[in-house]
Amino acid sequence: MDEVYKWLIAFGILGVQFFLSRRTNVYWGAILPILYLVFIFEWLSNRMDNGHPFHTIFVAFAGLIILLGGWAQGRESLKNKRKKELEKMKLHDIN
């Protein structure tokens, strides 16, 4: 059951990241990646002594890439939404 909660938390974080990335201000989407970096640097400093460094670094970068990918995807979604709204406005102005 613990495994399910971990997945729910992960998908919740990704959902929040996508939501923040679609806000008008671009910096809202940077909040979670920055918090993730702070957490990872602390986590890496504790894990390097007793773990496999390559695996730990790989997991850290994979998480960051996922968060930044969500940020880029959210920005693209916002851009497409604005483009559709602009097209609707132009269509109504013509009629």
Side-chain angles (χ1 to χ4, degrees):
M1 196 65 166
D2 259 355
E3 187 86 15
V4 173
Y5 290 127
K6 289 178 184 177
W7 283 104
L8 287 175
I9 290 170
F11 284 123
I13 289 172
L14 291 176
V16 169
Q17 174 63 16
F18 185 72
F19 173 77
L20 290 174
S21 297
R22 291 188 69 198
R23 302 299 95 201
T24 304
N25 191 341
V26 70
Y27 298 115
W28 282 109
I31 292 172
L32 287 179
I34 290 171
L35 289 176
Y36 180 78
L37 280 176
V38 170
F39 171 77
I40 284 302
F41 282 125
E42 179 64 31
W43 185 65
L44 281 175
S45 66
N46 293 333
R47 293 271 307 202
M48 283 301 187
D49 297 335
N50 57 0
H52 298 290
F54 177 74
H55 180 263
T56 306
I57 292 171
F58 176 75
V59 169
F61 279 117
L64 184 61
I65 288 171
I66 289 170
L67 286 173
L68 292 176
W71 188 13
Q73 192 176 30
R75 299 308 302 168
E76 187 67 29
S77 175
L78 178 66
K79 187 171 97 173
N80 289 339
K81 180 181 171 185
R82 285 181 176 170
K83 184 178 178 181
K84 286 180 184 178
E85 288 177 3
L86 187 59
E87 288 173 1
K88 285 181 186 179
M89 289 170 51
K90 286 181 180 180
L91 182 65
H92 284 99
D93 285 344
I94 292 174
N95 294 331

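Since we're looking at a predicted model, the values are computed, not measured.
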**Student:** So is Arg22 actually on top of Phe19's ring, under 6.0 Å and inside 45° of the axis?
**Tutor:**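 No, cation not above the ring by the 6.0 Å, 45° rule.
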
**Student:** To check you understand the geometry: which heavy-atom pair defines the closest contact between Gly29 and Ser21, and what is its length?
**Tutor:**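 Taking every non-hydrogen atom into account, CA-OG, 3.9 Å.
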
**Student:** Count I, L, V, M, F, W, Y as connected when their side-chain heavy atoms are under 4.5 Å apart, and connections chain through other members. Are Ile65 and Val16 then in the same cluster?
**Tutor:**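 No, because Ile65 and Val16 fall into different hydrophobic clusters, even though each may have its own neighbours under 4.5 Å.
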
**Student:** Is a donor on one side and an acceptor on the other found under 3.5 Å between the side chain of Ser77 and the backbone of Gln73?
**Tutor:**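 A pair under 3.5 Å: no.
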
**Student:** Per the side-chain contact (heavy atoms from CB on, under 4.5 Å) rule, which among Glu85, Lys84, Lys79 passes with Lys81?
**Tutor:**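 When Glu85, Lys84, Lys79 are each tested with Lys81, the side-chain contact (heavy atoms from CB on, under 4.5 Å) holds only for Glu85.
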
**Student:** Taking all non-hydrogen atoms of both residues, which atom of Arg23 and which atom of Leu78 are closest, and how far apart?
**Tutor:**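 What the structure gives for the nearest pair is O-CD2, 3.4 Å.
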
**Student:** Please report the interatomic distance CH2(Trp71) to OH(Tyr27), rounded to the nearest 0.5 Å.
**Tutor:**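 Going from CH2 on Trp71 over to OH on Tyr27, the span is 8.0 Å.
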
**Student:** Does Leu68 share a hydrophobic cluster with Val26, counting links as ILVMFWY side-chain heavy atoms below 4.5 Å and allowing steps through other members?
**Tutor:**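 Yes, because Leu68 and Val26 connect within a single hydrophobic cluster, where side-chain heavy atoms sit under 4.5 Å apart.
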
**Student:** Report all side-chain donor-acceptor pairs from residues 31-41 shorter than 3.5 Å, counting only partners two or more places apart or in another chain.
**Tutor:**
| from | atom 1 | to | atom 2 | distance (Å) |
| --- | --- | --- | --- | --- |
| Tyr36 | OH | Val59 | O | 3.4 |
| Tyr36 | OH | Ala60 | O | 3.1 |

**Student:** Say you draw a straight line from CD of Glu76 to CG of Asn80; how long is it, rounded to the nearest 0.5 Å?
**Tutor:**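 If I round to the nearest 0.5 Å, the distance is 5.0 Å.
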
**Student:** Is Ile9 reachable from Phe18 through a run of I, L, V, M, F, W or Y residues, each pair having side-chain heavy atoms under 4.5 Å apart?
**Tutor:**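 They do not share one cluster, since no chain of ILVMFWY contacts under 4.5 Å joins Phe18 to Ile9.
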
